[in-house]
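Numbering of ligands and ligand atoms starts at 1, following listing order.
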Amino acid sequence: MSIVLTPYWSPDEGIQKLKIEARAPAAPGLAPPVFSTKAQLDRTLLQLRSRTSPIEKYTFLAQAKQADVEAFYKLCLEYMPEIIPIIYTPTVGDACLQYSKIYRNPEGLFISLKDKGRIGNILRNWPLANEARISVVTDGSRILGLGDLGANGMPIAVGKLSLYVACAGIRPSSTLPITLDLGTDNSSNLSDPLYLGLRQRRPLDAEYDAFMDEFITEMGRVHPKVLVQFEDFSTDHAFSYLERFRNRLPLFNDDIQGTGAVVLAGLLSAARLVPIPRNEHRILLFGAGSASVGVAKQLMSFFTITGVSEEAARSQIWLVDSKGLVYVGREEVADYKMCMPPFLWRGGSHLTGYVIDFARRHYTGVPMKDLTEIVKYVKPTVLLGLSTIAGAFTPEVIRQMSQNTPRPIIFPLSNPVQLSECTFTEALIHSNGTAIFASGSPFGSEVIGGVRREPGQGNNMYIFPGLGLGAILCRAKSVTDSMVQTAAFRLAGSLSWDERALELVYPRIERIREISAHIAVKVIRAAQQAVCIDNSTDLKRMNDTILLEFVKGKMWNP
Ligand SMILES: O=C([O-])CC(=O)C(=O)O
Ligand SMILES: [Mg+2]
C-alpha cells in the first residue's frame, strides 16, 4: 500500500487543495505476471542511472516518490551515497533555481503574504494535519549560497524532510514542508512568466514580523505536536526569528545551530589528528552570515570544554566578512546596523549585532581585505569557508595555511558544490597532502602519493535528523542550546575505528541512521536535564540502552 498526495481544485473555497490517497496493490491482471519488489527496485535504479543530467535524475526521483513513497525510500536507504546528492545538496540547489520550470506536483504547503489573516486555514488544508511532527520552513530568502530564490525555495524544505525520513526514520506522513512566500527581491524571478510565487518585492520588517507572528501562532494551534526547523532565511531574519520564536514552539534554525554543531563535531575529530594542543588552535572563519556566526558561537565550546574562559575562547576565533578582517573600530562595519533589527544592536562600537562578539578588540593595523594577507597575519590552524565565494581558498592561501601548522584543517563549507571555496583536490595538492578536509557538499575521493584519501562532508544533515528525532520523541517544549551541543559531541564521538584509521572527520553516510539514533538519545537526555519535557515521561526511567532500543523501535522503515 502506498500513500499519494493528489492536488484538486476546491470550487467552494477557490483554492487548490491536496487529498491523500492510499493506493492498494493492483488487482490480478493489472500488474505484469512476473513482478517482484526487489526487481522493481533494480529497474528504478536502472532508469535513474539512464538519466544523464543531475536535474533529470532529480525530477525522475521526485516522480518516483510521488508514485510510491515506500519504494522511493527503499532506494534511498540502499543507495544512500548515490541518492542523497540528487535529492539534497548539490542537485537540490539546481532544483530550486529551476523550480518554476520543473514543477509538476505539489509536495508541500505554500503560504503567501496574501494569506495573512487566514494562515490557520491554509495550515488546516494539509491533508495529514493531525500527524505533522516535523516541519521544515523556509522563506526562500537565502537558499544555500544561491541567494533569494523566493517561492522556488520549496525543494530545500522537501529535500531536508526526505533526509529526516531516510536518515532518522521519521514517518513520511509526519513531515510538513512549508514555503512562506513573502515576495522576492530576485528580479529574474519577478520577470519570469513561469515563476510560481508572488510577483512583488519583500516587505519591510514590520509587515514581515506580523506575518511571522501569525504563522507561528497558528502553527502552534493547528499542529500542536510539530517541531519547526527554520531553513535558509536571510541572515538578519535567521537570527531575529530564532530568538523571537524559540520559546514559543520547539524550534531551531538549521543554518545557525545545525551547521554550528556539525562543524564543531568535525573540528573535534580533526583536532585529534593534529599535534597541537587544543587551546593553541587558531580559527579563521571566512564569511560572516548566519551560518558563519552560528559556527563561531558553537566553536566556543571547542575551547571552553577544556576549562578556558569564554574571553580566551573568543580570542582564538577570527572573522572575515566581505570587507575584510572584522575588528572593533573598522569604519565601514557600521552597515551591519542596516541589516540588523534594533534589539540586536549593541551600543558603544561601530560594530553591531551578533558579529561584534567576534570582532578583534585590539587590532590597530590597517584594514585587511586580502585573504592571503589575513592568513599570514592570523596564522590560523583552521580555515573555514562560509562565504559562497567559489575559489576563495586560492593555492596561495592553502600553501600559507601549511606554513602555520603541520596539518591544516581546511573546511570550505559553502553550498552547493560549485560555490565551494576550494575543491578537495586543490586542498590536497597545495598542502602536499597534509590538509584535513571537509566540505559542505560532497566531493569524490582522491589518490595522492599512492594513498586514497576521502573527503569529509561537513553538512548539517549529520545533525538535524537526530536532533529532530530526539526532540519529537521526548515532546520537548523547546530546543535548547544544550540539546544542540550534545548532538555535536555525540556526532564527534561516533567515528568507528576504521573511519578514524582513514582520518575521516565524519562517519560514513551509510551509518547515518544508526548515528541519528544515538544522537537522539543524547538529545532526549539533554532535554530532560533542561527540564523542557514533561516530568512524568517514561523515557526518564529508561537506562541508555533501553532508551536507544526505544528510539530505534520508533524509527520508520520502508
Ligand atoms: O542544505 C545544505 O546542504 C546545508 C545548508 O543548510 C545550507 O547550505 O544552507
Ligand atoms: Mg540551510
* To do: Kindly assign one of parallel, tilted or perpendicular to the pair Phe411 and Tyr506, based on the angle between their ring planes and the thresholds 30° and 60°.
  => tilted
* **Residue-ligand contact Met461/ligand 1, heavy atom below 4.0 Å** => no
* Asked: Are the charged groups of Arg246 and Asp481 less than 4.0 angstrom apart, N to O?
  -> yes
* Which heavy atom of Leu413 sits nearest a heavy atom of Glu421, and at what distance? -> N-OE1, 3.4 Å
* Polar side-chain atom of Asp185 near backbone of Arg202 as donor-acceptor pair, under 3.5 Å -> yes
* Going by an N to O cut-off under 4.0 Å, is there a salt bridge joining Asp357 and Lys297? -> no
* To do: Using distance alone, determine whether Asn460 and ligand 1 share an N or O pair under 3.5 Å.
  => yes
* Asked: Is Asp232 close enough to the Mg ion (ligand 2) to have an N, O or S atom under 2.8 Å?
  -> yes
* **Subset of ligand 1 atoms that lie under 4.0 Å from at least one heavy atom of Glu231** => 6 (O)
* To do: Would you mind checking if Glu131 and Arg171 are paired as a salt bridge, meaning a charged N to carboxylate O distance below 4.0 Å?
  => no
* Any donor and acceptor pair, going by atom type alone, linking the side chain of Arg133 with main-chain N or O of Leu227 inside 3.5 Å? -> no
* On the 0 to 90° scale, with breaks at 30° and 60°, tag the Phe443-Phe437 ring pair as parallel, tilted or perpendicular. => perpendicular
* **Shortest-distance N/O/S atom, Glu231 versus the Mg ion (ligand 2)** => OE2
* Closest non-hydrogen protein atom to atom 9 (O) of ligand 1, residue and atom name please, with distance? -> Arg142 NH2, 2.5 Å
* Using only N, O or S atoms, tell me which atom of Asp255 is closest to the Mg ion (ligand 2). => OD1
* Asked: How far is atom 8 (O) of ligand 1 from its nearest protein heavy atom, and which residue and atom is that?
  -> Asn415 ND2, 2.9 Å
* Structure fact -> Contact region, Ile143 to ligand 1, non-hydrogen atoms below 4.0 Å, reads neither
* To do: List the closest protein heavy-atom neighbour of atom 1 (O) of ligand 1: residue, atom name, distance to the nearest 0.1 Å.
  => Lys160 NZ, 3.0 Å
* To do: Below 4.0 angstrom from a heavy atom of Thr89, which ligand 1 atoms are there? Numbered from 1 as shown, please.
  => 3 (O)
* Structure fact -> Heavy atoms of Ile102 and Ile55 approach each other most closely as CD1-CD1, 4.1 Å
* Numbering as shown, the atoms of ligand 1 that approach Asn459 to under 4.0 Å (heavy-atom distance) -> 2 (C), 3 (O), 4 (C)
* Identity and separation of the nearest protein heavy atom to atom 2 (C) of ligand 1 -> Tyr88 OH, 3.2 Å
* Asked: Which of the atoms in ligand 1, numbered in the order shown and given with their element, are less than 4.0 Å from a heavy-atom of Asp254?
  -> 6 (O)
